[in-house]
Amino acid sequence: VFVYTSFISKLCKDSDMQKASTIFNEMTASGILPDSFAYTTMIDGYCKVRKISKALQYLGRMLKDGMEPSVATYTTLINSNCRIGDMEVAQRLLEKMIGKGLLPDIVAYNTIINGYKNKGDLQKAYELLDMMKSFGVSPDIVTYNTIIHGLVMKGYVAEANDMLDELIRRGFSPDVVTFSTIIGGYSNKGQFAEAFLMWCQMSDCNVRPDVITCSALISGFCRAHRIDEARALFQKMQGFGLNPDLILYNTLIHGFCRSGYMEEAYHLITLMIEDGIVPD
RNA sequence: AAGAGUUGGUAUCACG
């Protein structure tokens, strides 16, 4: 079950549910009984490719095998509903698991907080934050990152910055996601001085930028038609050993087109192909 | 360097 499930898990992450289900069937055919992990992997895989009926089919098989959904199984289902924006169902699932005597863990809470955040309902996100604390579950850096992103999405980047200070005061270590989120927020608003300060604070914390950090900044530069700076950072990051990916190329190509640099945009396509990245 | 679930970057019709 161990090796099968790890293999299936990788296939699910590649959204290759065709192959994943083949392997799953192969496993059961060889007499190996799927456990809770195996089922949850399949359920999550199908949820992520929006084949909910397939996912429920596996959930049904799991129940028929006499297994109770685990906290992770519930979290998968909650997340699936969060993605389609159905927070009523997500909330009901959370209550249902509690009713069954399962205690939602940090991941479960983070998932539903993220769901409310994506709906723009920071009020509810904060309520869930209180709820988790009252159940004795402490927020972690993911929780903070989620709320910081919620603030950024609403344009409250200064408040997001305050939240960063607060989390540090409480003894948490901001990570590359924290900084990328805030840098992206400033960058999108054209507040590049603030974005730069954040970049410096990130270095002070010994957190290294990654491709996403750079993309967030480059995206802002492009939006503001500051193509020289976009280009400069694009060069510089490769000096750091960071390799541009598909999204970054798309960002730059779009930015160059928008600012009228059509030849250069076109040139990027050949460049990305040389990098082994297939344009989408 | 190993089996499951949560957070950050681009684009996309219509509506607004």
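Excluded from the calculations below are hydrogen atoms, water molecules and symmetry mates; all remaining heavy atoms, backbone and side chain alike, are included. Letters A, B, ... mirror the listed sequences (proteins, then strands); counts begin at 1. In this text the structure is predicted, and so the values were computed from the model without any measurement.
Put simply, the side chain of A:Thr5 and the base of B:G3 share a donor and an acceptor less than 3.5 Å apart. At a cut-off of 3.5 angstrom, the base of B:A4 holds no donor-acceptor pair with the side chain of A:Thr76. Judged by distance alone with a 3.5 Å cut-off, a donor-acceptor contact links the side chain of A:Asp35 to the base of B:G3. Between the side chain of A:Asp105 and the base of B:G5, at least one donor-acceptor pair of N or O atoms lies under 3.5 Å.
A:Asp280 comes within 4.0 angstrom of nothing in the nucleic acid, heavy atoms only. The residue A:Thr111 sits close only to the backbone: its heavy atoms come under 4.0 Å of sugar-phosphate atoms, none of a base. At a threshold of 4.0 angstrom between heavy atoms, the contacts of A:Ser180 include nucleobase atoms, whether or not backbone atoms are also involved. Within 4.0 Å of A:Ala72, counting heavy atoms only, lies at least one base atom of the nucleic acid. At a threshold of 4.0 angstrom between heavy atoms, the contacts of A:Ser215 include nucleobase atoms, whether or not backbone atoms are also involved. Residue A:Val152 is out of contact with every strand shown, counting any heavy-atom pair closer than 4.0 Å. Base engagement by A:Thr213 is indicated by at least one non-hydrogen atom pair under 4.0 Å involving a base atom. Base contact: A:Val211 has a heavy atom under 4.0 Å from a base atom. Heavy atoms of A:Thr143 sit nowhere under 4.0 angstrom from any nucleic acid atom. Using a 4.0 Å heavy-atom criterion, one finds that A:Asp175 contacts no nucleic acid atom at all.
For A:Val1, whose side chain is taken as the heavy atoms from C-beta onward, the closest listed nucleotide among B:U7, B:G5, B:G3 is B:G3. In the set B:U7, B:A11, B:G8, the nucleotide with an atom closest to the side chain of A:His254 is B:A11. The nucleotide whose nearest atom lies closest to any side-chain atom of A:Leu248 is, among B:G5, B:G9, B:U7, B:G9. With distances taken from any side-chain atom of A:Thr146 to the nucleotides B:U7, B:G8, B:G9, the minimum falls on B:U7. The side chain of A:Ile212 sits closest to B:G8 out of B:A4, B:U6, B:G8. Taking the side chain of A:Val142 as heavy atoms from C-beta on, and the options B:G8, B:U7, B:U10, the nearest nucleotide is B:U7. The side chain of A:Ser6 lies closest to B:G3 when the candidates are B:U10, B:G3, B:G8. The side chain of A:Asn114 approaches B:U7 more closely than any other nucleotide in the set B:G3, B:U7, B:G8. Listed nucleotides: B:G9, B:G8, B:G5. Nearest to the side chain of A:Val177: B:G8. The side chain of A:Val107 lies closest to B:U6, out of B:U10, B:G9, B:U6.
Geometrically, A:Arg170 does not engage A:Tyr144 in a cation-pi contact defined by less than 6.0 Å to the ring centre and at most 45° from the axis.
Following rounding to the nearest Å, A:Asp44 (CG) and B:G5 (P) show an atom-to-atom distance of 6 Å. Going from atom CZ of A:Phe37 over to atom P of B:A4 covers 8 Å, rounded to whole Å. Rounded to an integer number of Å, the gap from CZ of A:Phe221 to P of B:G9 is 17 Å. Atom-to-atom, CG of A:Leu77 to C1' of B:A4 comes out at 12 Å; the value is rounded to the nearest Å. Remark: C1' of B:U7 and CG of A:Leu128 are 15 Å apart, rounded to the nearest angstrom. Rounded to whole Å, atom P of B:U7 lies 16 Å from atom CG of A:Leu122. Atoms CG (A:Leu242) and P (B:G9) sit 17 Å apart, rounded to a whole Å. The distance from atom CG of A:Leu94 to atom P of B:G5 is 19 Å, rounded to the nearest whole Å.
Looking at A:Thr75 and A:Thr111, their side chains never bring a donor and an acceptor atom within 3.5 Å of each other. Between the side chains of A:Thr143 and A:Asp140, at least one donor N or O sits under 3.5 Å from an acceptor N or O. Counted by atom type alone, A:Thr178 and A:Asp175 present one or more donor-acceptor pairs between their side chains at under 3.5 Å.
Contact between the side-chain N/O atoms of A:Lys13 and the OP1/OP2 oxygens of B:G5 is found at a separation under 4.0 Å.
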Set out, in order, the CA-CA distance, both residues' side-chain angles and the distance that settles side chain to side chain contact (heavy atoms under 4.5 Å, CB included) for A:Val211 and A:Leu248, then state yes or no. CA-CA 8 Å; A:Val211 198; A:Leu248 178 51; 4.3 Å; yes

Begin with the C-alpha distance, continue with both residues' side-chain angles, and end with the deciding distance and a verdict on salt bridge (charged side-chain N to carboxylate O under 4.0 Å, His left out) for A:Glu264 and A:Arg231. CA-CA 11 Å; A:Glu264 206 174 344; A:Arg231 205 163 19 221; 2.7 Å; yes

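In this pair, A:Tyr58 and A:Tyr46 present their aromatic rings parallel. The plane angle is below 30°, not in the 30 to 60° band.
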